[in-house]
> 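One structure is given below, represented as structure tokens, and several questions about it will come after.
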Amino acid sequence: MKQDAVSIEKYQHKDVEEKWRDAWEKSSLDTPDLAAANNPFYNLMMFPYPSAEGLHVGNMYAFTGSDIYGRFKRMAGYDVFEPIGLDGFGIHSENFALKIGRHPMDHAKITEKNYYNQLHNIGAMFDWTRTVETYDPDYYRWTQWLFVQMFKHGLCYRGKAEVNWCPGCKTVLADEQVIDNSCERCGKTVEKRQLEQWFFKITAYAEKLLQNSFSLDWAKKVKVAQQAWIGKKEGINITYPVVTDSGEKVSEVTCFTTRPDTNFGATFVVLAPEHPFVGELLGSGDGSSLSKRVTKQVNAVTTAQIHDYIDASLRKTAQERAAEGRKKTGVFTGFYCVNGLNDKKLPLYISDFVLADFGTGAVIGVPGHDKRDYEFAMQFDIDIERVVIAKDGDVSPISRIEQVQEEEGIMVNSGFLNGLPISEAIHRMMDHLEKKGWGKRVTTYHLRDWLISRQRYWGPPIPMIFCEACAQKGQSWFTHRETAEVANENLDSISVSLAEDAFSYPSRQPRSQSEIEQNFIGSPRSHFDDLSIGLLDNSAHWAVGWYPVPESDLPVVLPRIDDYKPGDDGVAPLAKHKDFYNVACPQCGSAARRETDVSDTFLDSSWYFLRYPSVGNYHEGDAGTGAGSVSHFEMSAEGASQREDRTARKMRHATKAPDGSFPWDPQITRRWLPVHMYTGGAEHSVLHLMYSRFVTMALHDWGYIDFDEPFSTFYAHGLVIKDGAKMSKSKGNVVNPDEYIGLYGADALRLYLMFTGPYDQGGDFRDSAMEGMSRWVQKVWRLAIKNISTYHALDSLAPSDSSWHSPVSSATVKKALHRAIKKVGEDIEHRRYNTAIAAMMELVNTIGEEGARLQTPERRSDGGQGVMGLDDIRDFLKMLAPFAPYMTEELFQRMKSTMTNDPALPAGRQTSMSNENGDTKAKTVSQYTFTKSISIHVQPWPVYDPKFLEEETVEIAVQVNGKLRDTIVVKSHLPAMLRKALQAGMSKVQGDVEKEARASERVARHLEGKSVKKVIFIPGKIINFVV
RNA sequence: GCCAAGGUGGCGGAACGGUAUACGCGCAGGUCUCAAAAACCUGUGAGGAUAAUACCUCAUGAGGGUUCGAAUCCCUCUCUUGGCACCA
């Protein structure tokens, strides 16, 4: 039976996946030689934080989209490095460990095993010899090192400030980690607490973060989010004298405004309840004469009212304030400000709609042209004056909120500004105010310093030591910076090693303090005035008694303790452990105390991309155990053995590393960074993606790296949803990838996930559609196997009717193939994976149809058996390889065996396929030597031949008045014919087409009895008669 | 409130000035089979008309506009999803 001559086996994904996973790893397919790579491409994806039991299908979606791109780039000739790791240190992992009542160290051990197992199965080209785990002492040693550098370079300070406290996580949070007044991790409403904490001066880079963002090749929404978060505003601080009822000046108040143009319309001034003047007003000042006079001015009733109001508003939570909506409350102080422009007395109020931490905490009220001011004025019956006439020409008194024009218009009632448009008036007024000495232009930012401390257990201990003895003497690390070279020793040795580097860094020496200072343009939002210059110095009072842990003593190992649960008191768990915190002062040797807070988890991930290519940077003396000779996992035998595996893997690269005194290899780093392509979720716009940029800029300015942006390109993928909702455990719609990989195979799941929709928009997961993709995978398998087998069977079976399995693609198939090659390549480059897959489906459909056409009806099958040449099948498999790495490798390798005797094959390739026995049954890799060079995944991406894209005939749509009436098939006039035609003038071609079009009965019917006014002709596409 | 991205068949989505609904799912009918599954074939936006083909009309959130021609470009509105938010 010809038809059954070759029995078709099903695609056995489990066997195939296991086989190739093993073969790939053994052949080091995915481990590029980083030192030798000529064409490096660092394809990075955000590493997962293993907070739940296992890998989420959302992770797989993200990784697969990134991996397809990496595989494509590799086939396009790049040396692709695609690393993976775990962001397992920090609150997210700890919270989960607490929830299930497991020690975070044990939990990390378990999740590492689970995650790495799962990640092995998704078919990504991860380099498993260079993983990064943020809780590994080999890694956090350098996280602590980074903290120390921040301190030494004046970008880290300790201060008491009002901070966000999460009662759920029982720790402080950075501003970026507070979403709608709630904790980013647990969702509890955050409280404000006064605590002394460590901060990183990210504000020193506010301007650079903003300016660089405009030219970054990043997802637009992320850039916009960062720009909004940095929140640069240019305005002016105007200082007003504060006077009594009788006109006696008692003080001054400075207001920040971006709209001084409307200043002639100012009718009041409002202070935030926290404003310093309020303190003076209530007699809690320093007892100076001013404060006494102020108190005297206010009569008893007013003072009581002010007290009540302040008490009430300070008690209000942010939530309660928000609940009040835009309803304005407030209280009059009894004082006035004087507007120098028109000598008008402006009543001075206190209201909590004014924010203490924005601008100066004082606002000039212009109710005619600011909606909030209008609401306040209405509430307190304050004058409203019009100083702007908008487009609508309304000049009537402003009595409705709709009349409050904020955006545009022409100035009136404004002295020298009359007749000017707003935009111009702003500058004129600023000039005027500065000339008069009443105001000073200022730039403000929304960005605030990065709060680093966490009163938690599961993180890198902050490597700082406080010495009471030194504090008594007013000494700190800064005091000894110049003389005690000990602290700088490490730093110096780096400069030397960089200087000896074969590559030259543009800025290889750490810069001088003044040089660096020049780079800090704006830094207006520090918690303390003495920090606002951007860098800290010896005189910084907060630093007294503080020393960084000497770099040679790093890491400060996180000990295993049993009382690791966070407390409500803001004291970290480590603070209960004398063994941990008792330490000798690195300077004077007296009894001192370690910092017991740990650092923010976002510090762990702020530099991991720098570490990946340099994994294996072991100190010679530490070989085998890792730097510091400590491991979290020493506690159990199982853990220890597992970790050794990991360490052993990483040690493969150890010989290339320098002496381990630096977190990354300068040469490797120069070759591989910045990251060429970074893929991840947009939810980290102002968190990880902002912090990483800041850290990179700082390292650059210290001379440690030669680039100041970490990620050349950032691509934001969409989210996978199910049943129209985000996947979450509470909704019970979480999909576990393992289950689907088990059922359908990794290839089918990868393809399915990418097919659900545009990669940047996410997709909707549905089981039935998943099955559909599984069917397609089987179909491709059958198609390939049948065609491959046909070749093999030719000799022995000698079918009587050989025309239908001729081993040459028909013209139709050839055309379809080359169309697909073009489209798939272009689509992958733009990450349009869904349409790339659709294009391959169309190709398969065409092959099927062609197979059916060439066979007798009763022998139709979907195999398209014998209609595709082997070279063409190979090209198709290569196209599919980034999406379905396992199946395509299996088929590709089977083809090699079939093709051994193919004379069309290049000689060189034949030799690489020795030991073949021609068996078409699945063969194990061990039967011949699989080396990375023969893998499908390193084959060059197929090239399409334009000659196959040219059509002999083309379908042209015929329209009458823009309505489709018919389509006609004409001889192709593109592009060869057209070129000729253009030389001769278009009219000939058009005339021919027009004649044919008119010949159509359907068209003629619509043209009948009408006169054709005009004919629009688009060659190759359309002809339109306008009647 | 502001900023950004979106609204296309029963569903996920194609097309992004030039034949709307590619591709897939689902559904219906058929082939094969003792039967089922698998696989394959055919059909499938809505409405009208016809013995049937042909054919006609209407559909891309709503309404206007530009154009020979608009899902695509412009304006107004509306809804959804993200981000920011009493930011002066």
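Below, read A as the first sequence line, B as the second, and so on, with proteins coming before strands; counting in each chain starts at 1. These numbers were taken from a predicted model, which means no experiment stands behind them.
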> Are the ring centres of A/Phe380 and A/Phe268 closer than 6.0 Å?
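No, they do not, as the ring centres are separated by 6.0 Å or more.
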> What do you reckon, are the aromatic ring centroids of A/Tyr759 and A/Tyr715 less than 6.0 Å apart?
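Yes.
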> Check every atom of B/rG24, B/rG18, B/rA22 against the side chain of A/Asn845 and return the nucleotide holding the closest atom.
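Looking only at side-chain atoms, A/Asn845 lies closest to B/rG24.
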> Rounding to an integer number of angstrom, what distance separates B/rG65 and B/rA4 when you compare their P atoms?
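Those two atoms are separated by 27 Å.
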> Of the candidate nucleotides B/rC68, B/rA20, B/rC86, which contains the atom at the shortest distance from the side chain of A/Lys1014?
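So the nucleotide nearest the side chain must be B/rC68.
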> Can you tell me how far P of B/rA88 sits from CE of A/Met430, to the nearest Å?
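Going from CE in A/Met430 over to P in B/rA88 covers 12 Å.
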> Consider the side chain of A/Met841, meaning its heavy atoms from C-beta on, and name the nucleotide among B/rG24, B/rU19, B/rC87 that approaches it most closely.
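Of the candidates, B/rG24 comes closest.
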> Taking the six-membered ring of A/Phe353, is the NZ or CZ of A/Lys328 close enough (under 6.0 Å from the centre) and on axis enough (within 45°)?
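Yes; both conditions hold, so A/Lys328 lies above the ring face of A/Phe353.
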> Using whole Å, what does the distance between atom P of nucleotide B/rG83 and atom CD of A/Glu683 come to?
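So the two atoms are 9 Å apart, to the nearest Å.
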> Take atom P in B/rC74 and the same atom in B/rU66, then report the distance between them in whole Å.
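Comparing P positions in B/rC74 and B/rU66 gives a spacing of 15 Å.
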> Can you tell me how far P of B/rA37 sits from CD of A/Glu771, to the nearest Å?
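Distance check: A/Glu771 CD to B/rA37 P gives 14 Å.
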> Looking only at side-chain N and O atoms, does A/Arg819 come under 4.0 Å of OP1 or OP2 in B/rA22?
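For B/rA22, OP1/OP2 do not have a side-chain N/O of A/Arg819 under 4.0 Å.
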> Once the angle between the rings of A/His717 and A/Tyr61 is folded into 0 to 90°, is it parallel (under 30°), tilted (30 to 60°) or perpendicular (over 60°)?
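If you compare the ring of A/His717 with that of A/Tyr61, the planes turn out perpendicular.
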> Taking syn as within 90° of 0 and anti otherwise, name the glycosidic form of B/rG9.
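Base orientation: syn.
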> At less than 4.0 Å, is any side-chain N or O atom of A/Arg775 found next to OP1 or OP2 of B/rG24? Yes or no.
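Checking A/Arg775 against B/rG24: no side-chain N or O falls below 4.0 Å of OP1 or OP2.
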> Is a side-chain donor or acceptor of A/His275 paired with a backbone partner of A/Phe277 at a separation under 3.5 angstrom?
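Flag set: sc A/His275 to bb A/Phe277 pair under 3.5 Å.
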> Quick one: A/Leu783 CG to B/rA39 P, roughly how many Å, whole number?
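It is 15 Å, rounded to the nearest whole Å.
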> Expressed in whole Å, how much space separates the P atoms belonging to B/rU76 and B/rA88?
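Pairwise P distance, B/rU76 against B/rA88, rounds to 24 Å.
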> Could you tell me how far B/rC25 sits from B/rG82 if I compare only their C1' atoms? Round to whole Å.
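Their C1' atoms lie roughly 28 Å apart.
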> What's the gap between B/rG7 and B/rC56 when it is taken at their C1' atoms, as a whole Å value?
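About 30 Å, rounded to a whole number of Å.
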> Expressed as a whole number of Å, how far does the P atom of B/rG61 sit from that of B/rU67?
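Here B/rG61 and B/rU67 have their P atoms 23 Å from each other.
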> Extract from the structure each pairing of a protein N or O with an N or O of nucleotides 7-13 of chain B at less than 3.5 Å, listing the distance.
| residue | atom | partner | partner atom | Å |
| --- | --- | --- | --- | --- |
| B/rG12 | O2' | A/Thr756 | O | 2.6 |
| B/rG13 | O3' | A/Asn834 | ND2 | 3.4 |

> Okay, side chain of A/Thr360, backbone of A/Thr254: is any donor-acceptor separation there less than 3.5 Å?
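Here the side-chain-to-backbone pair exists.
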> So, A/Lys232 and A/Glu207, do they make that salt bridge, N to O below 4.0 Å?
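Salt bridge between A/Lys232 and A/Glu207, a charged N being under 4.0 Å from a carboxylate O: yes.
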> Determine whether a donor-acceptor pair (N or O, by modelled atom type, separation under 3.5 Å) exists between the side chain of A/Gln226 and the backbone of A/Ser685.
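Confirmed, A/Gln226 side chain pairs with A/Ser685 backbone.
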> Both A/Ala839 and A/Thr257 contact RNA chain B. Which one's nearest nucleotide lies toward the 5' end?
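Counting from the 5' end, the first nearest nucleotide belongs to A/Ala839.
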> Considering every strand and a 4.0 Å limit on heavy-atom distances, what is the contact class for A/Arg965: base, sugar-phosphate, or nothing?
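The answer is sugar-phosphate, as A/Arg965 gets under 4.0 Å only of primed atoms, P, OP1 or OP2.
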> Using a 6.0 Å distance limit plus a 45 degree cone around the ring axis, check whether A/Arg693 lies over the aromatic ring of A/Trp229.
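Ring-cation test returns no.
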> Give a yes/no on whether any side-chain N or O of A/Lys220 is located under 4.0 angstrom from OP1 or OP2 of B/rA5.
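Answer is yes, contact under 4.0 Å.
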> What's the closest nucleotide to the A/Val354 side chain, out of B/rA88, B/rC68, B/rU19?
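So the side chain of A/Val354 is nearest to B/rA88.
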> For A/Val178 and A/Ala769, find the nucleotide of RNA chain B closest to each by heavy atoms; which residue's nucleotide sits nearer the 5' end?
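Result: A/Ala769.
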> Return the orientation label for the A/Tyr833 and A/Phe883 ring planes: parallel under 30°, perpendicular over 60°, tilted otherwise.
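Ring orientation, 0 to 90° scale: perpendicular.
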> Is it the case that B/rC86 (base atoms only) and A/Lys371 (side chain only) share a donor and an acceptor within less than 3.5 Å, ignoring hydrogens and angles?
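Such a pair does not exist between side chain and base.
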> Can you list, by residue number, the residues of residues 225-233 of chain A that have a non-hydrogen atom closer than 4.0 angstrom to RNA chain B?
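Close to the strand are A/Lys233.
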> Using the P atom on both, measure B/rA37 against B/rU44 and round to a whole Å.
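Per the computed distance, 24 Å lies between those P atoms.
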> Which of these nucleotides, B/rA39, B/rC3, B/rA14, is closest to any side-chain atom of A/Val224?
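Taking heavy atoms from C-beta onward, the closest nucleotide is B/rC3.
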> Can you tell me which nucleotide in B/rA85, B/rA5, B/rC23 comes closest to the side chain of A/His446?
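Ranking B/rA85, B/rA5, B/rC23 by closest atom to the A/His446 side chain puts B/rA85 first.
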> Give me the distance, rounded to whole Å, that separates B/rG18 from B/rG12 when you measure between the P atoms they each carry.
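Their P atoms lie roughly 24 Å apart.
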> What's the closest nucleotide to the A/Lys779 side chain, out of B/rC68, B/rC40, B/rA88?
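Per side-chain heavy atoms of A/Lys779, the pick is B/rC40.
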> Backbone N or O of A/Arg400 within a donor-acceptor pair of the A/Tyr374 side chain at under 3.5 Å?
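At least one qualifying donor-acceptor pair exists.
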